[in-house]
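Quick note on labels: first sequence line is chain A, next is B, and so on, each numbered from 1. These numbers come from a predicted model, not from an experiment.
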Amino acid sequence: MELAVAPRVTLATATLRAAMTRLSEYLLPTEREPPADAEALSHKLMVRAGLVRQIGAGLWSWLPAGWRTHQRVVQIVREEMNAIGGQEMLMPVLHPADIWKRSGRYGFDEMFTLKDRKGADMVLAMTHEEIVTTHAAQVIRSYRDLPKILYHFQVKERDEPRPRAGVLRTREFIMKDSYSLDCDPEGLELSYEKHAVAYDRMLDRSGLEWYKVKADVGMMGGHGADEYMAPCAAGENDVVLAPGYAANIEVASADAQPVSLPPAPDAPEEVTTPGLTTVGQVATTLGVPSGALLKAFPVVLDDGSFVLVMVRGDHRVNEIKLRLALQCGFRAARADEIEQRLGPPGFIGPVGAQMRILLDQGVRTDGGGYVVGGNRPDIHLSGVVPGRDFNFETADVREVLAGDLVNGHAVRIEPAIEVGNIFKLGTRYSEPLGANFLTQSGVSEPIWMGSYGIGPARIAAAAIEQFADEQGISWPRSISPFDVHLVTLGKAGSEEREVSELLYEELIAAGLDTLYDDRDANPGEKFADAELLGVPLRVTVGRKALAAGEFEVQLRRGQEKASVAVDGAVAAIAELWRRLP
RNA sequence: CGGGGAGUGGCGCAGUCUGGUAGCGCACCCGGCUGGGGGCCGGGCGGCCGCAGGUUCAAAUCCUGUCUCCCCGACCA
């Protein structure tokens with residue numbers, strides 16, 4: 001049996017080729033059962049498929065096959081960063097604490113800190129804004145030195161309160177973080193847009209389903225942020241989606257679904273509600289929808305003043321949106337404070353309240369009476385009309401619900417994992433760290449910065465979450481640890497085995513990354529392992545097909561089977577590979 | 001940080017209540033059979049039962065302390 005010499009195919013990942021990948025020699029410790037404590041699908045499958053192993057809470061080692069996937073994602077990210085003019089560098093993980101003290105970001109609970117032998121405070125990198133900015137301060141002198149996009153792939157250390165779901169939320173992980181340095185807001189805008197383009201391409205190339213959503217800037221500070229979300233069951237965030245709209249639920253805004261209100265009488269009426277302290281209880285007892293109630297959420301601002309936040313009974317206050325609306329930090333009022341300022345918790349309301357009242361914009365103010373707490377034990381008021389019975393300011397502070405409307409379309413809400421984010425930092429770091437440059441007119445100004453992160457491990461895990469089936473992982477071809485999983489069914493010395501050896505060499509020569517299952521194992525075990533690992537193409541060399549002059553090929557996704565003629569097999573396999581998702 | 005659960009061989013577990021010197025399945029090693037969906041037979045290796053202290057003639061088992069891990073929530077630059 002002779003194999004036709006295949007034309008050499010050029011593949012994007014050609015530079016990553018590794019030589020010997022015979023399963024008989026390869027470290028791929030597959031397990032039949034998932035770890036008992038694993039919950040998330042990707043966690044179970046990554047361990048079962050031999051991709052990763054845990055060494056402590058939120059601390060994971062990448063085994064050879066898992067690392068291949070990680071590195072493939074890294075390479076995609078690198079290529080797209082380079083394509084927008086990014087310059088790859090490397091900054092340390094261990095930092096002098098002083099730099100973080102100067103930027104005002106020292107002492108977070110999530111920050112790992114330590115002392116060196118001289119007793120100097122050190123920190124482990126949570127991110128690298130402080131470090132790049134320090135370098136920029138040292139090195140950037142003039143507008144002629146700008147703009148720049150600098151990036152690296154480096155370990156981040158975060159003492160997460162609760163690591164979870166395998167590789168999805170860890171205390172140590174590799175992130176590609178890039179930083180743009182510009183002269184002015186316009187320059188930053190351009191760098192930000194370049195990153196948006198690069199991120200779109202990275203995620204498309206990685207084969208993921210993903211959304212770009214509007215996001216909270218959080219404690220990064222700055223002027224604007226988008227997040228890249230991969231929908232999956234193990235996701236930690238909820239994204240709100242409608243045609244032409246995508247936002248993190250933390251900042252999402254939509255029109256509330258209407259609720260029918262009873263007509264309001266001329267004045268509020270007292271109703272007795274003994275012991276009824278929840279919206280559900282009151283609504284049921286009074287026979288009105290819970291949306292016809294107003295819920296009071298008293299908060300104490302950082303300046304000590306009280307604000308009574310009111311949302312519809314079927315809505316929830318979104319604390320991030322509330323913080324944005326208040327432009328101020330706050331905490332929920334304590335029971336004793338509520339008692340003192342308003343009335344018994346469970347019966348508080350806006351009528352007669354001597355404080356600022358913030359009414360969510362989902363509340364109708366065009367007539368119709370609401371039920372509110374009466375600020376006295378066992379008393380509610382019905383027929384309350386905002387504006388008539390109490391004064392208020394309006395703000396959008398409620399959490400969006402599935403079915404709410406954006407541009408007339410009902411939104412849906414999906415769990416998703418954040419795989420990347422882009423932030424406009426502005427001068428948040430350049431000012432405190434003195435990263436200034438001289439403008440054309442000789443004036444010293446702070447550099448305008450942006451910061452952009454993406455997590456290869458999360459991309460890998462999200463891909464598993466999105467495409468796995470009963471049998472195991474089903475990789476998108478661009479980030480699969482291998483291109484082809486070659487299974488020989490022949491015993492040592494058989495014809496199948498000899499042909500497999502030749503085919504293996506030819507596949508590699510053709511530029512296809514091939515894992516060769518040359519173990520002396522039963523077919524069932526080989527197939528089960530192949531499906532668990534999830535390489536997109538499986539080529540099987542078996543006696544019957546070989547006698548017919550064919551190899552069997554199975555596409556992992558959908559498990560569709562096909563045959564290729566032994567003559568020209570490599571070219572045919574390469575062609576199949578090219579057409580994979 | 002609040003709530004819940006768990007630490008026994010590489011993985012999954014039983015044994016703990018009722019103390020007597022550790023067991024099962026898979027994996028692994030050796031030999032043989034089988035050879036298209038985790039197959040079969042025989043023979044083996046491997047664990048100071050998370051750690052420390054205590055009670056006892058005797059502790060995986062009872063007591064005290066401690067460490068670790070997981071899940072839900074809070075948190076999440």
Please give the distance between the [atom1] atoms of [N] and [M] as a whole number of Å.
N      : M      : atom1 : value
B:rC29 : B:rG10 : C1'   : 14 Å
B:rC62 : B:rG25 : P     : 26 Å
B:rA74 : B:rA14 : C1'   : 36 Å
B:rC48 : B:rG9  : C1'   : 13 Å
B:rG37 : B:rG32 : P     : 24 Å
B:rU18 : B:rA60 : C1'   : 15 Å
B:rA6  : B:rU16 : P     : 14 Å
B:rG7  : B:rC40 : P     : 30 Å

- So what does A:P35 touch, heavy atoms closer than 4.0 Å: a base, only the sugar-phosphate, or nothing?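 Touches sugar-phosphate only.
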- Message: What's A:A40 touching, base or sugar-phosphate or nothing? Going by heavy atoms closer than 4.0 Å.
- Response: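 The answer is nothing, as A:A40 stays clear of every strand by at least 4.0 Å.
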Rounded off to whole Å, could you give me the [atom1]-to-[atom2] distance for the [X] and [N] pair?
X      : N      : atom1 : atom2 : value
A:M126 : B:rC75 : CE    : C1'   : 12 Å
A:K424 : B:rA77 : NZ    : C1'   : 18 Å
A:H128 : B:rA77 : NE2   : P     : 18 Å
A:F173 : B:rA77 : CZ    : C1'   : 10 Å
A:R162 : B:rC69 : CZ    : C1'   : 12 Å
A:D109 : B:rC75 : CG    : P     : 13 Å
A:F423 : B:rC76 : CZ    : P     : 13 Å
A:R164 : B:rC1  : CZ    : P     : 20 Å

With both distances kept under 3.5 Å, what pairs with [N], Watson-Crick or G-U wobble?
N      : result
B:rC1  : B:rG73
B:rC26 : B:rG10
B:rG37 : none
B:rA58 : none

- Query: Of A:A36 and A:N237, whose closest RNA chain B nucleotide lies nearer the 5' terminus?
  - Reply: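 This one resolves to A:A36.
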- With RNA chain B as reference, determine whether A:P34 or A:E236 sits nearer its 5' end, using the nearest nucleotide of each.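 The residue mapped nearer the 5' terminus is A:P34.
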- Can you find a side-chain donor-acceptor pair between A:E465 and A:S42 that sits under 3.5 Å?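 Yes, because at least one side-chain N or O of A:E465 sits under 3.5 Å from a partner of the opposite role on A:S42.
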- Heavy-atom pair of closest approach, residues A:A230 and A:V419: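 Shortest heavy-atom contact: CB-CG1, 4.1 Å.
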[X], [atom1]: over 12 other non-hydrogen atoms inside 6.0 angstrom:
X      : atom1 : result
A:E560 : CD    : no
A:L90  : CG    : yes
A:K101 : NZ    : yes

- Reading nucleotides 31-42 of chain B from 5' to 3' and marking B where a protein heavy atom lies under 4.0 Å of the base, S where only the sugar-phosphate is that close, and - otherwise, the string is ---BBBBBB---
- Task: Using the test side-chain contact (heavy atoms from CB on, under 4.5 Å), find all partners of A:P161 that sit at least two apart in sequence or belong to another chain.
- Result: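 Result, side-chain contact (heavy atoms from CB on, under 4.5 Å) vs A:P161: A:E110.
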- Query: Taking only residues two or more places apart in sequence or in another chain, which ones pass side-chain contact (heavy atoms from CB on, under 4.5 Å) with A:V279?
  - Reply: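 Result, side-chain contact (heavy atoms from CB on, under 4.5 Å) vs A:V279: A:S290, A:L293, A:K295.
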- Task: Please work out whether the ring planes of A:F153 and A:Y151 are parallel, tilted or perpendicular, with thresholds of 30° and 60°.
- Result: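 Plane angle over 60°, so perpendicular.
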- Task: Could you list by number each residue of residues 148-159 of chain A showing a heavy-atom separation from RNA chain B of less than 4.0 Å, or answer none if no residue does?
- Result: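 Heavy-atom cutoff 4.0 Å gives A:R158.
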- Message: Strictly distance-based, threshold 3.5 Å: is any side-chain N or O of A:Q466 a donor or acceptor partner for the main-chain N or O of A:E209?
- Response: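 A pair under 3.5 Å: yes.
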- Who pairs with A:H152 by ring-ring contact (aromatic ring centres under 6.0 Å, His included), at least two apart in sequence or on another chain?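 So A:H152 forms a ring-ring contact (aromatic ring centres under 6.0 Å, His included) with A:H128.
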- Message: The criterion is ring-ring contact (aromatic ring centres under 6.0 Å, His included); which residues satisfy it with A:H195, sequence neighbours excluded?
- Response: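 With sequence neighbours excluded, A:H195 shows a ring-ring contact (aromatic ring centres under 6.0 Å, His included) to A:Y452, given in chain and number order.
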